[in-house]
Amino acid sequence: MQGASRHPRETLIEAGFDELELDGSWTPYKPVGCSACNNGYKGRVGIYEVMPISEELQRIILADGSALEIAQQARSEGVRSLRQSGLHKVRIGVTSLEEVLAVTNE
């Protein structure tokens with residue numbers, strides 16, 4: 001990954017970044033490409049939503065809770081969504097915002 005990518009603040013917020021994350025301490029990048037990579041990417045990096053099952057999540061699951069209830073509880077426990085996991089990788093320069101938006105929906 002190389003090359004700074006200019007995204008309007010509104011675009012970054014719509015993607016899921018928090019106002020506090022847009023403090024100017026990081027720059028989103030875009031793929032540039034070279035003879036050894038595919039359009040700026042070499043290899044693959046996964047994004048994951050890892051949800052440890054707490055006692056409260058277990059209670060919701062065993063009570064046939066809805067996916068929405070499970071997701072709300074997971075968020076309240078600090079579990080990153082798939083999009084949030086991808087946005088974290090944008091912040092650390094591993095991938096581009098365009099790639100994260102292409103493979104996640106929120």
What verdict does the side chain to side chain contact (heavy atoms under 4.5 Å, CB included) test give for R91 and S25, after you've listed the backbone C-alpha separation in whole Å, the side-chain angles of each residue and the deciding distance to 0.1 Å? CA-CA 9 Å; R91 280 194 69 188; S25 66; 4.2 Å; yes
Value rounded to 0.5 Å, distance of [atom1] in [X] from [atom2] in [Y]:
{"X": "E99", "Y": "K30", "atom1": "CD", "atom2": "NZ", "answer": "14.0 Å"}
{"X": "K89", "Y": "S96", "atom1": "NZ", "atom2": "OG", "answer": "13.5 Å"}
{"X": "H88", "Y": "E21", "atom1": "NE2", "atom2": "CD", "answer": "10.0 Å"}
{"X": "D64", "Y": "E69", "atom1": "CG", "atom2": "CD", "answer": "10.0 Å"}
{"X": "I61", "Y": "Q73", "atom1": "CD1", "atom2": "CD", "answer": "10.0 Å"}
{"X": "N105", "Y": "S81", "atom1": "CG", "atom2": "OG", "answer": "10.0 Å"}

Please report the closest heavy-atom contact between L20 and D18, naming both atoms and the distance. N-OD1, 2.8 Å
For A15 and R83, which heavy atoms make the closest approach, and how far apart are they? O-NH1, 2.8 Å
What residues, two or more places apart in sequence or in another chain, satisfy side-chain hydrogen bond (donor to acceptor under 3.5 Å, both in side chains) together with [X]?
{"X": "E14", "result": "none"}
{"X": "E55", "result": "none"}
{"X": "R80", "result": "none"}
{"X": "E49", "result": "R75"}

Got P52 and V79 here, is their nearest side-chain heavy-atom distance under 4.5 Å? yes
Linked hydrophobic residues, L82 as query - side chain contacts closer than 4.5 Å: I47, V103
With a cutoff of under 4.5 Å between side-chain heavy atoms, which Ile, Leu, Val, Met, Phe, Trp and Tyr residues group with I13? L12, F17, L22, W26, L87, V90, L97, V100, L101
